[in-house]
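So the structure is just underneath, and the comments pick up after that.
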Amino acid sequence: MGIRNNLKLFILVMGILLFLLLAAVGGFSLTKSPDLCKMCHNAMQPEYVTWQNSSHNNVACMDCHKESNLINMFKEKIGTPGQLFHYYTTDNKEYIPITMKSELPNHLCEQCHSMKTRAFSLPGDLKDPHEYHEKVGVGCVKCHSGVAHGNIAGRSVATDSEIAAWSDKEGKENMTMEFTRPDMDTCVACHINPAKYGVTGVESVTWDCGACHEEIFTPNSHNLVSWTRNHGVDGAGQLKDCVSCHAMGVEPTFVADGVINNVVKSEVTVKDFAWTTEFCINCHSQMPDDHKDKSKWMPSHKNAVQSKGMSNCTACHSIQKPKAGETLPSPAKEVACNKCHWF
């Protein structure tokens, strides 16, 4: 009789232990659920709907946002009841954001994306040596900041007054390729200032187009004999097309003519663009052949101005001398019309 009772007790205890184990596993899985995270952290609604529309919508929040070791896991799970209690006892249920203390380290991404075995599917003719970027210390999120949430935090597109209204519609709108893939500006900004992107011991990186592109597409218009002479006029009518290839990671904001009639011009023109981008300044810093002999050029430049139109001169020179640091370094900017003429 005693053996039978002991067996029943053993089965009962094992059943209870199995139930507790299953409950614990189920509880752990539940607390990893983005739906549960969002229940308390309603301020993360924009992150939630963008995540739902991302390629990572099968990856739980905690898989990326917590170090996946046993100690961290238990610390997080033990704290969950307290977080739930805080949620249900606070009046401010709508705005409990999660603050990122640091950028996600590479090894969290490499839980799924092995640098050694992953085949990179780059669009077009791009080439990107991921292994070299990893070697010099460029973090995955420096380039792929938009992969899970469309970089909505970096773009500051969600404010406290709007977060509750974010729906699947806003999630889709903010997860297009424009916001999820790294763009040329990101690449070039890092090449210009590697230290800002975590690269140490490297002052600058090549800007040569061939470093990133297998083939360089040149528009037919650029091959015309008249292109060098007329490209500024063409650019004035389609500056957006120029910017798409030649922005070099810099937002053109400087107005080369400064203040006109005591009003600061706010629109960006083709000459402003030429003054602030490396592609343009490399050529516009070079003195044209007809300028080199000052004894001939100085007496005749008035006629040249009249024949070419003032806009051609201000592609390199400003009417008023710009302030220090307002443009990229160029000897042309030191030659301002007002240095000799009064307008």
Side-chain angles (χ1 to χ4, degrees), residues 184-185 188-189 191-193 204 206-209 216-343:
M184 182 176 172
D185 285 356
V188 176
H191 279 218
I192 292 174
N193 186 5
S204 64
T206 178
W207 299 349
D208 179 53
C209 301
I216 308 302
F217 169 73
T218 303
N220 293 330
S221 61
H222 291 39
N223 295 320
L224 298 175
V225 176
S226 60
W227 173 249
T228 301
R229 184 176 67 254
N230 296 332
H231 71 276
V233 177
D234 295 340
Q238 50 190 26
L239 181 58
K240 184 178 179 181
D241 292 340
C242 304
V243 172
S244 65
C245 288
H246 302 301
M248 293 300 289
V250 179
E251 182 74 18
T253 56
F254 173 71
V255 180
D257 282 346
V259 179
I260 304 298
N261 295 328
N262 295 319
V263 177
V264 178
K265 294 173 59 180
S266 59
E267 73 275 10
V268 176
T269 66
V270 68
K271 60 186 174 185
D272 306 327
F273 180 69
W275 274 52
T276 53
T277 53
E278 201 72 30
F279 263 106
C280 304
I281 209 72
N282 282 341
C283 291
H284 283 253
S285 294
Q286 305 300 316
M287 184 180 291
D289 290 338
D290 60 0
H291 287 41
K292 292 179 180 178
D293 188 342
K294 289 186 178 182
S295 64
K296 295 181 179 179
W297 172 246
M298 291 303 292
S300 64
H301 78 276
K302 179 181 178 180
N303 294 331
V305 168
Q306 292 175 341
S307 64
K308 292 183 177 182
M310 197 64 188
S311 59
N312 283 286
C313 301
T314 55
C316 294
H317 306 298
S318 177
I319 292 177
Q320 299 185 36
K321 185 176 179 179
K323 296 178 181 178
E326 287 187 315
T327 66
L328 292 172
S330 167
K333 75 175 185 180
E334 300 301 324
V335 182
C337 301
N338 270 9
K339 190 173 182 178
C340 300
H341 301 280
W342 294 95
F343 293 94

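Every ring pair (Phe, Tyr, Trp, His ring centres under 6.0 Å) that H231 has, sequence neighbours left out, goes to W227. Taking K302 as the reference, Q306 meet the side chain to side chain contact (heavy atoms under 4.5 Å, CB included) condition, with sequence neighbours excluded.
Atom NE2 in H301 sits 12.0 Å away from atom OG in S307 (nearest 0.5 Å). Between the OG atom in S300 and the NE2 atom in H291 there is a gap of 9.5 Å [rounded to 0.5 Å].
Side-chain N or O atoms of H317 include none that pairs as donor or acceptor with a backbone N or O of A336 at under 3.5 Å.
The environment of N220 atom CG is sparse: at most 12 non-hydrogen atoms of other residues, nucleotides or ligands sit within 6.0 angstrom.
In terms of heavy-atom proximity, P299 sits nearest to K294 at CD-O, 3.8 Å.
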